[in-house]
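What follows is a short report on a single structure.
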Amino acid sequence: MEKHFDPNTIETKWYQTWENQGYFKPQKPDADPYSIMIPPPNVTGSLHMGHAFQDTIMDTLIRYNRMKGNDTLWQPGTDHAGIATQMVVERQLAAQGLTRHDLGRDKFIEKIWEWKEESGGTITKQLRRMGASPDWSRERFTMDDGLSSAVKEVFVKLHEEGLIYRGKRLVNWDPILHTAVSDLEVISEEEQGNLWHMRYPLTDGSGHLVVATTRPETMLGDQAVAVHPDDERYQHLIGKTITLPLVGREIPIIADDYVDLEFGTGCVKITPAHDFNDYDMGKRHNLPMLNIFTIDAAINDEAPEKYQGLDRYEARKQIIADLEELSLMEDIKPHTLMVPRGDRSHAVIEPFLTDQWYVAVEELAKPAIDAVKNGDIEFVPKNWENTYFEWMNNIQDWCISRQIWWGHRIPAWYDKDGNVYVGRDEAEVRDKNNLGADIELSQDNDVLDTWFSSALWTFSTLGWPQKTPELEKFHPTSVLVTGFDIIFFWVARMIMMGLKFTGEVPFKQIYVHGLVRDSEGQKMSKSKGNVLDPIDLIDGIELEDLVKKRTYGMMQPEKAAKIEKSTRKQFADGIPAFGTDAIRFTFASLASTGRDIRFDLNRAEGYRNFCNKLWNATRYVLMNTEGFDTGVDESLEVELSLADRWITSRLQEVESEVEKHFAAYRFDLAATALYEFTWNEYCDWYLELAKPILNKDSSDAAKRGTRKTLVRVLETLLRLLHPIIPFITEEAWQAVAPLAGKSGNTIMLEAYPQADESKIDTAAIAELEWVKQFIVGVRKIRSEMDIAPSKALEVLLAGLNENDQAWLKNNRVYLQTLAKLENITVLEDETNAPESAVALVGEMKVLIPMAGLIDKDAELARLAKEMTKLQGEIKRLSGKLNNAGFVAKAPEEVVANERKKLSDYETALNNLEGQHEKIQQL
RNA sequence: GGGUGAUUAGCUCAGUUGGGAGAGCAUCGCCCUUACAAGGCGAGGGUCACUGGUUCGAGCCCAGUAUCACCCA
C-alpha cells in the first residue's frame, strides 16, 4: 500500500472493478431476497446533500445484507419529474425568446428528450462517486416503455372500477405554468397584506353592509353575502339582497354557520368559483359558479368591460380606486394572511374551476391504513405512523391531470360530441366501443401527475404487469429509505397502489431520515447560498470556485454579495478533499433517528482522520506480517498472548454490538462502536501491546500467534467497516486477506463477521484491564509531574495480592514498554520505601521515587486533588447507603454494587491519606 | 388554532427495561517515541431549558411553562 492515503486514486479504481465484474447484481439465487428501490431522483437533476445522505444509508444496508449472504437487489432509476423538467427546458427556450407553444407539442417533447440525453447521466455518475452499488444493468426511467405500459394499465383498471373519474372542480391553478397542481404542491406562507372593508349597498336602498376581504378583486365574481345564522346584528338582513357595486348584479344575503362571527365584520362575500370555502358554500346554497379569471389570472370577459384583460393585481388596484371614489371603501387594515404559492413556479395559486381527472382515494386508503396498523408495514422511527394516519384519515381525492406536455399522456380519447373513452391505446378504444374509422377521436391533451408513475415504482421496475421472476422474488421490497417530506407525495401512494395492484405491501419497513441542514441548522438552498455539493466535499474545492458556484445564476442576484462574503469567511481556505469514505462515515455517524442533521465539516474532518488512521494501522500490520509466518498453516503451533486473547474477545463484543445497531437502523451507533474499537482499542492499545512481542525475542509460536491475531482481527475489522467505507476497506483488504488465509476476489462478497461467544475470554479482559490501569497510572504521574516522556522510570510496587503477583509476572514486558519503565521492583516491606509519588491499581500501590524528579509540593497537590474526588464520591455513596429506603427497596444487586464501590473508594482514600502524610513529614 | 420533534461540555451530538453524566471537534500542557503530527500521552470544562410531581433514587417516567424547528388548518 502507498505510504500516503489518497482516496481519489483508490476510489475510481475500485468502483470500476466492482461494476465491471458485475458484483452489484444479485448473486445468490437460492438465498433469501433483500431489496431496496432507490427513490428515483429527477433524471436531469444533480446530487445534493440529501441524496448523498440517503444513498449512503441505502448503500450501507445493501452492502451489509449482500455480505450477510442475501440475494440482494438495489434497483436504480430516475424520474421524469414532469413540471420540474419541463420548466428547465422552457427556461432554455425563453432565453431564445421562445415559448413551448412556438415549437408545438411534438417538437417540444423532442427537445426535452434531447435535454434528458444530454444531462441525464449527471446524477448517476455522481451516485457512482458516492460508491453506491445498485444493479446498474436494471436501471429504469419512469417514461421507459415498460413503465409507461404499467401506468396505462393502472389508469385503465382504476377507471373501469370507477376509481378514476373526470370532473369539473375547483383546483389549485398555477397561472404561470398553466396547470392544475395537487394540494401537496402548494406551499402556504404568511405574508403581509390588507383586510379591505367594503360597503355593499342593500338593493332596497335601506343602507349598506360591510364585508371584509383580503382579495377585493374577486368581488367581480361574488354571488352572495353570508352571515352567521345566530348573528343578532344581521338577522333582519337575511333573505334581502344587495346590489354588487361596480357590477350591478343583485345577489342574496344568506345565512351559513361556516361564517366566523369574530372575523372582520361578520359579513363574508361569497365567490364560489375562486375560493375553496366559498365553493362549498356555493354548492350548499345552489349559487352560480362564475369564473372571472383567464388561465393567466387576468380578468376575463365575464366581468364589466372596464376590468377585462387586467391582471388580477392591476384589477385589484383599479377596483379599490373605484370603490374609494364611490365612498364604498370603509376601512383598510393591515393583515397577515396565508398566501398559497406553487412549489415549482412560486406563483400565487388561484383556485380555478376546470375539468380534471381524479383518483377516488378513500377506498384505496383503507387497506393502506390497515397495512400500517396491523404491522405489515412498519415505520422507523415509529412516531411517523401518527403523521401517516392523520393524513390518510383526511385524504382528499387526488387530482392527477396536469396541463403540461412532459409526462404520461392520459389514455383517454374524445369524440366530437365530447364523449370520453378510456383504453390502453386508440385501437383498443375503437375496438371496445365499436367506433368505426370514420369517427374522429382526439386524445386528451393532459398528462399525469409525476407521482402517478412513481407510485408504481416498486413493481413497475420489476416488470409488472408481467409476472416476471424478479417481481416474484424481490417484491415486496425489504425497506424504503426516504425523507419525511415525501411521505404523502410518494410513500402513501405507493402503499395504496402496491396493495391494489400486487395484493401485497410495496415494502415491509420505511426508514424515515431527517433533512440535511447546514452547520447552523439552516435548510440548504441556492437562495441562501449555503449549499454544499457532496462531490466538492469528496474532491475538495478552491474558495474562488466555491464562491462562483454559490453566486452564479441566482434568482435574486442582489443576494450575491452577502453570500460571497459569508462564504469567504466560512471557507477561507476552500474545502479540502475528504474522500468518499470520510463523507459516508460522516453521514452514517450523524444518522440518528428522528431528527434533522446538521452537516458539520469538522466532523467530516475527524472521520477523514479516522480513515487515515485505519490506513496507517494497516500499513503497520503489513510491515510486520508480509513475508512472515502469519499462521495460515493451521498445523503449526500458535501461542496467543494476553493481548491477542483480549482483542479477540473485544472483537466479538463489537461484532454483536454492530449487528444490533444495524438491525435497529442506528447507523450512528454502529459507526461510533466501530470508530472506538478501531482507534481506542485496536490502534491505541493492541498495536502497542503487539510491538514488544514482535520486537523482543519471544518464541516463534508467540510471534506467530500475535501476527495471526494482528492480521485476522484487522481483516475482520475491514469487513465490519466495509458497508460504511467501501473503498479504503477494499484496498486494505486486498493486501491483508491473503495473510489471513482468505482468497476471495473482493471484500464486497465476503461474509459479514458474526460474533462467536466462545471466543470471549473474560479472564483476559480483566487481566488486560489491570495492565491498562497500571500503565495509565504511571503515565498520569509522568504527565502531571512534567517528567519527560523519554525518561525511563524506576517503579516500586507494594501491597500486592495474589492476582497482582500473577499478573505482574505475566505482563512485565507490556508494563515496561508501554509505561517506559527501567525497572519494576516489588517491595517486601513498604516502610523503607523512598519518598514516592503513588498510583493505585486496585489495592496495589505503584510507587515512583521522587528523588530528583518530582517536587514535593506538586505531589502533595496532586494527591489532595485525588483525595477530594474520592471524598466526594464517598460522601455521595454513604449518604445513599445510610438511606433506609434505598437499602430496603432497591434491588439487592444495586445495593451490593454500591457497597463494593464505597469500600473500594475508602481503601483508596486511606492509602492516599497515608501517602500524603508521609510526604508531608519529609 | 391543532399536531410532531427538539432543548445535555464552547460547537456537533450520543445516552430505551429510572441506579456512578459520555464521544468527536475545539481549548490547555508535554512529546516529531521509525504505522500515523490528518499523530501520541495527559488535563480542564456540564444546577442534563425551567417549575412541580411520582419514586429509596429522575438527563431518562408524568403534568405544566418557556424557547426553537417542522407539519397541518
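Letters A, B, ... are given to chains in the order of the sequence lines, protein chains preceding strands, and every chain is numbered from 1.
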**Message:** One character per nucleotide, please: for nucleotides 10-17 of chain B, 5' to 3', B when the base has a protein heavy atom closer than 4.0 Å, S when only the sugar-phosphate does, - otherwise.
**Reply:** --BSSSB-
**Request:** For Lys880(A), enumerate each residue passing the salt bridge (charged side-chain N to carboxylate O under 4.0 Å, His left out) test, keeping only those at least two apart in sequence or located in another chain.
**Result:** Glu898(A)
**Asked** With sequence neighbours left out, what residues match Asn277(A) under side-chain hydrogen bond (donor to acceptor under 3.5 Å, both in side chains)?
**Response** Tyr258(A)
**Fill in**
With sequence neighbours left out, the residues meeting side-chain hydrogen bond (donor to acceptor under 3.5 Å, both in side chains) with Arg779(A) are none
**Asked** With Thr630(A), which residues qualify under side-chain hydrogen bond (donor to acceptor under 3.5 Å, both in side chains), at least two apart?
**Response** none
Pairs under 3.5 angstrom only: tabulate donor-acceptor contacts from the side chains of residues 769-778 of chain A to other protein residues two or more places apart or in another chain.
from: Trp770(A); atom 1: NE1; to: Asp804(A); atom 2: OD1; distance (Å): 2.9

**Request:** Give RNA chain B the dot-bracket treatment, 5' to 3': Watson-Crick (N1-N3 with N6-O4 or O6-N4) or G-U (N1-O2, O6-N3) under 3.5 Å, [ ] crossing, | other strand.
**Result:** (((((((..((((.....[..)))).(((((.......))))).....(((((..]....)))))))))))).
**Request:** Just jot down the side-chain hydrogen bond (donor to acceptor under 3.5 Å, both in side chains) partners of Tyr814(A), sequence neighbours excluded, or say none.
**Result:** Ser641(A)
**side chain to side chain donor-acceptor pair (under 3.5 Å) contacts touching residues 859-870 of chain A (sequence neighbours left out)** = Glu859(A)-Arg862(A)
**Request:** Any side chain to side chain donor-acceptor pair (under 3.5 Å) involving residues 662-683 of chain A? Give me the pairs, sequence neighbours left out, ordered by first then second residue.
**Result:** Gln509(A)-Tyr665(A), Arg650(A)-Glu681(A), Arg666(A)-Asp668(A)
**Fill in**
Per-nt protein contacts along nucleotides 40-48 of chain B (heavy atom under 4.0 Å; B base, S backbone sugar-phosphate only, - none) come out as SSSS-----
**Request:** Would you please name every residue forming a ring pair (Phe, Tyr, Trp, His ring centres under 6.0 Å) with Phe585(A), sequence neighbours left out?
**Result:** Tyr607(A), Phe610(A)
